[in-house]
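Report on the structure given below.
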Amino acid sequence: MAYNFKEVETKWQKKWEKEGTFNAKQDYTLPKWYGLVEFPYPSGQGLHVGHPRSYTALDIIARKKRMQGYNVLYPMGFDAFGLPAENYAIKNHVHPKITTEKNVNHFRDQLKSLGFSFDWSREINTTDPKYYKWTQWIFIQLFKKGLAYKTTMPINFCTGCKVGLANEEVVNGVCERCGSPVVQKEKSQWMLKITEYAQRLIDDLDDLEYLDKIKAQQKNWIGRSEGAEVKFKIKNTDDTLLIYTTRPDTLFGATYMVVSPEHPFIKKYESKIENLNEVKEYQEKAAMKSDFERAELNKEKTGVEIKGIKAINPLTNEEIPIWISDYVLITYGTGAIMAVPAHDTRDFEFAKKFNLPIKQVIKPKDEKIQEELTEPFTDVENGIAINSEFLDGLESKDAIKKVIEYLEENKLGTKKVNYKLRDWVFSRQRYWGEPIPMIYCEDCGWVPVPEEELPLKLPEIEDYEPGENGESPLAKQTEWIKTKCPHCGKEAKRETDTMPQWAGSSWYYLRYMDPHNDKEFVSKEALKYWNNVDWYNGGMEHTTLHLLYSRFWHKFLYDIHQVPTKEPYQKRTSHGMILGGNGEKMSKSKGNVINPDDIVKEFGADSFRVYEMFMGPFDQTAPWSMESIRGCSKFLDRVWQMQEILTEEPGYSKEFESMMHKAIKKVTNDIEEMKFNTAVATFMTMVNEFTKAKKITRGEYKTFLQLLNPFAPHMTEEIWSQIGEKIEIAKTPWPTYEEEKTIDEEIEIPVQINGKLKATIKANKDAQREEIDNAVESNETISKLIEGKTIIKKIYVPGKIYNIVIK
RNA sequence: GCCGAUGUGGCGGAAUUGGCAGACGCACAUGACUCAAAAUCAUGCGGGAAACCAUGUGGGUUCGAGUCCCACCAUCGGUACCA
């Protein structure tokens, strides 16, 4: 009686679908559990074997939670706006809607063939107007609160295609598609003020169960730094130049200043600059450089001194020169710095190149002052101020405090916190995205589309090519653009930019709670019950931006009293990537892509699931192996074959009682800790034991199948019904164990001499120290080894180890 | 450079968190079944004749280190002058 996975898997999948077995219940009195996995972008290539790694993991947890009595929400949907569909449309003149629909259908079939317990009645799609109506609605709320604003920002612009490009489309400084150079072009863009939430996005991490590395990533990205803003007087004026520094204690060593090429200071003092042509030339060159070139050329510092203007160091009152250089960024701090070459790597390089004075104001603790610096000393933990008048002798940390006090007293500067985080560029000059629901009126300025008119649907168009100068393709839809100002009724124009792909995925977890609601984005009752997401798993590549954007939107919704909690996801974990058999990233060009459909066809969904869980630690990358999956398939065959050695005893046999209790404990814990690989190993060991004994009781088989069910739902369900059980296994309660029964009566204790294993003794689990001592001494090997030696110490860790130290 | 991770048999990996290193699986070898092969089943499988030696390298702490500390090396991922 061989196992026919094809027949069995389709049979159960059909039944689950028909009966909605795994759909979340509407009963809000039950304990709830909400598990979330990142919804896929439905690409033309179909499902990647990486997707099911995450989906299987949370599927296992979800199935276990259901058996433990929870009302589980485990939903799935599609993040279907995005570039590939649009680029495909440009090339082949097929509407993105059509390709998207086709791809979504393909993805859905693939997902269903793997037997995930998703609640398909709640499927969502970000490109559905009923969905993006609410994405637009949230944008309007952001606008109303002043968190959405328009400003000019540089974009990547392809000089060949005349299109704005996403960073991913810029490869080595040229356009991915046509190879023309890419330059920075100023464009008016919608921005979201995520920076206003920077501190809260850091602070609120404390109460969340994110993996530590994910918290670290979030914090590093936000990049908080503490320092001071300091005013430098400009000589012969009443004006000052404001800088930001994290090391105000080095102020006595500031020997020059640098402003970024875009700094307004230059325009302001144009008339005083003696070498204006040279300065302007430098500014133009900097503007021409793309981000790529700036990064590429950063090995060699460039710059020009601004002649005719000097600044005054506020502490030394010395006159210092002002330079312009692109190593100072207009987007961070104040766009200007004081340069302390002795204690900053970049300033040091710059000073060396242009022969600027280097003045040491810090020395390493316990070391002498060096005659000449070969490298800057930057260690803040380990420095003592020198040559700094009232700071001399202070440790760097204390010097920072003291100098800030001084600056504040004398109105020369203030303490200041800065963040690396920048506001979120929210405009895309693209067709396949949510239209930004804004109208421009000459008299009233930017006015949102009235909320009752939402969704503002994406117009049907034929021509997806971008407009002039990198405008959105919608800019050519003159009829669609024309509208009336909702405020004053005058002729007005619609915004033609669309939203980025991040928009729809920033709040999708909320929609799953109440996906068919057309009055609200989610009902208050649903929110109260389901919020927050209890467990969110996804790729490491989304733990910075997506997670941050999503947390930002959630916090905003909290502020306007739309959601009851401060954070969307209580717990966030991430899975490792699956590599090709050769250990490299899977890619078409390398020919190492594994298609999940082929695997399901050859081995079945259960084998596929078990293998993906067994292949290695869940959070680490793992290479695919065709041989190993065969091993998992063999394991399941042996599970099936155990039907032939089944006896009718209802309970556990004496022989296997403790193994059963241990296994329940181990598998239950392993699932919670995502140690799926060792859980599978436990199953394999059990099968080996039962097969060796050539018998398994009904009680043992039942428990075994229940534990295995979340991993291999189809086969376990089939065996369950084959052995005559009436209620589906998925509807039975999760097995429980008794702690005392996991402890063996007789234990083995390793005995070491000087830390090296020499023998093992057997003892009763309750044996007293004295008995153990006797047993050790009467052991032949041990007694021989300690004969004639001095025993210094005997260490006994109960139940674990016995170590004799001899001389 | 910085941030994060990883390093254990031929390979993927275990190790109750400081207590018998190599669980489980793959590959391989031998045997059984077979005319034969595949499948299946059984046995073995870090090195060494042994004492012993072995968890990237070198130190340290400890009765005891894969696990903790210090210094380094290698690989992978992210990021780019953040003052």
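Just so we're clear, the structure is a prediction, and the values are computed from it rather than from any experiment. The figures that follow rest on heavy atoms only: side chains count, while hydrogens, waters and symmetry mates do not.
Side-chain N/O atoms of A:Q752 and base N/O atoms of B:rG19 include a donor-acceptor pair closer than 3.5 Å. A donor-acceptor contact under 3.5 Å is formed by the side chain of A:K301 with the base of B:rC81.
When the shell of 6.0 Å around NZ of A:K662 is examined, it contains more than 12 heavy atoms from other residues, nucleotides or ligands.
For A:K352 and A:E375, the salt-bridge test fails: no basic side-chain N is under 4.0 Å from an acidic carboxylate O. Residues A:E739 and A:K741 are not paired through a salt bridge, judged by the lack of any N-O separation under 4.0 Å between the basic side chain and the carboxylate. Salt bridge annotation for A:E229-A:K415: absent, with no cationic side-chain nitrogen under 4.0 angstrom from a carboxylate oxygen. Salt bridge absent: A:K666 and A:E673 never bring a charged side-chain N and a carboxylate O closer than 4.0 Å.
Applying the 4.0 Å criterion to OP1 and OP2 of B:rC41, one finds that A:R638 has a side-chain N or O inside that range. Phosphate proximity of B:rC53 to A:K756: present, with a side-chain N or O under 4.0 Å from OP1 or OP2. Close to B:rU16, at under 4.0 Å from its OP1 or OP2, lies no side-chain N or O of A:K800. Listed pair A:N677 / B:rA23 fails the phosphate criterion, with no side-chain N or O lying under 4.0 Å from OP1 or OP2. In terms of phosphate contacts, A:K694 brings no side-chain nitrogen or oxygen within less than 4.0 Å of OP1 or OP2 of B:rC41. Contact annotation: A:Y244 does not reach the phosphate of B:rA83 (side-chain N/O to OP1 or OP2, under 4.0 Å). Between A:T682 and B:rA23, a side-chain N or O to OP1/OP2 separation shorter than 4.0 Å is absent.
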Exercise. Are A:Q218 and A:L547 close enough, and set up right, to give a side-chain contact (heavy atoms from CB on, under 4.5 Å), and what steps lead you there?
Worked result: CA-CA 8 Å; A:Q218 294 265 303; A:L547 205 58; 3.5 Å; yes
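Looking at residues two or more places apart in sequence or on another chain, you find a ring-ring contact (aromatic ring centres under 6.0 Å, His included) between A:F354 and A:W323, A:F350. With sequence neighbours left out, the ring-ring contact (aromatic ring centres under 6.0 Å, His included) criterion links A:F252 to A:F390.
Taking only side-chain atoms of A:V797, from C-beta outward, the nucleotide of B:rG19, B:rA83, B:rC26 with the closest atom is B:rG19. Residue A:P617 has its side chain nearest to B:rA14 when only B:rG12, B:rA14, B:rC81 are considered. Nearest nucleotide to the A:S225 side chain, out of B:rA83, B:rC20, B:rG25: B:rA83.
Among the protein residues, A:T621 comes within range of the sugar-phosphate backbone only, with heavy atoms under 4.0 Å from sugar or phosphate atoms but none that close to a base.
In this structure, A:W323 atom CH2 and B:rA83 atom C1' are separated by 18 Å, rounded to whole Å. The distance between atom CG of A:L545 and atom P of B:rU79, rounded to the nearest whole Å, is 9 Å. Between the OH atom of A:Y802 and the P atom of B:rG18 there is a distance of 24 Å, rounded to whole Å. A straight line from CD of A:Q217 to P of B:rG78 spans 11 Å, rounded to a whole angstrom. Atoms CD1 (A:I400) and P (B:rA83) sit 12 Å apart, rounded to a whole Å. As a whole-Å value, the separation of A:N688 CG from B:rU43 P is 10 Å. In this structure, CE of A:M615 is placed 21 Å from P of B:rC24, rounded to the nearest angstrom. Between A:I801 atom CD1 and B:rG64 atom P there is a gap of 12 Å when expressed in whole angstrom units.
Here the shortest heavy-atom pairing between A:G539 and A:S574 reads C-CB, 4.2 Å.
Glycosidic conformation of B:rU17 is syn; the angle stays within 90° of 0. The glycosidic torsion of B:rG7 lies more than 90° away from 0, which places this base in the anti conformation.
Of the two residues contacting RNA chain B, namely A:N220 and A:R630, the nearest-nucleotide position lying further toward the 5' end is that of A:N220. Nearest-nucleotide positions on RNA chain B for A:V805 and A:K213 put A:K213 closer to the 5' end.
Counting only Watson-Crick and G-U wobble pairs whose two key distances fall under 3.5 Å, RNA chain B forms stems of three or more stacked pairs at B:1-7 with B:73-79, B:10-12 with B:24-26, B:28-32 with B:40-44, B:56-60 with B:68-72.
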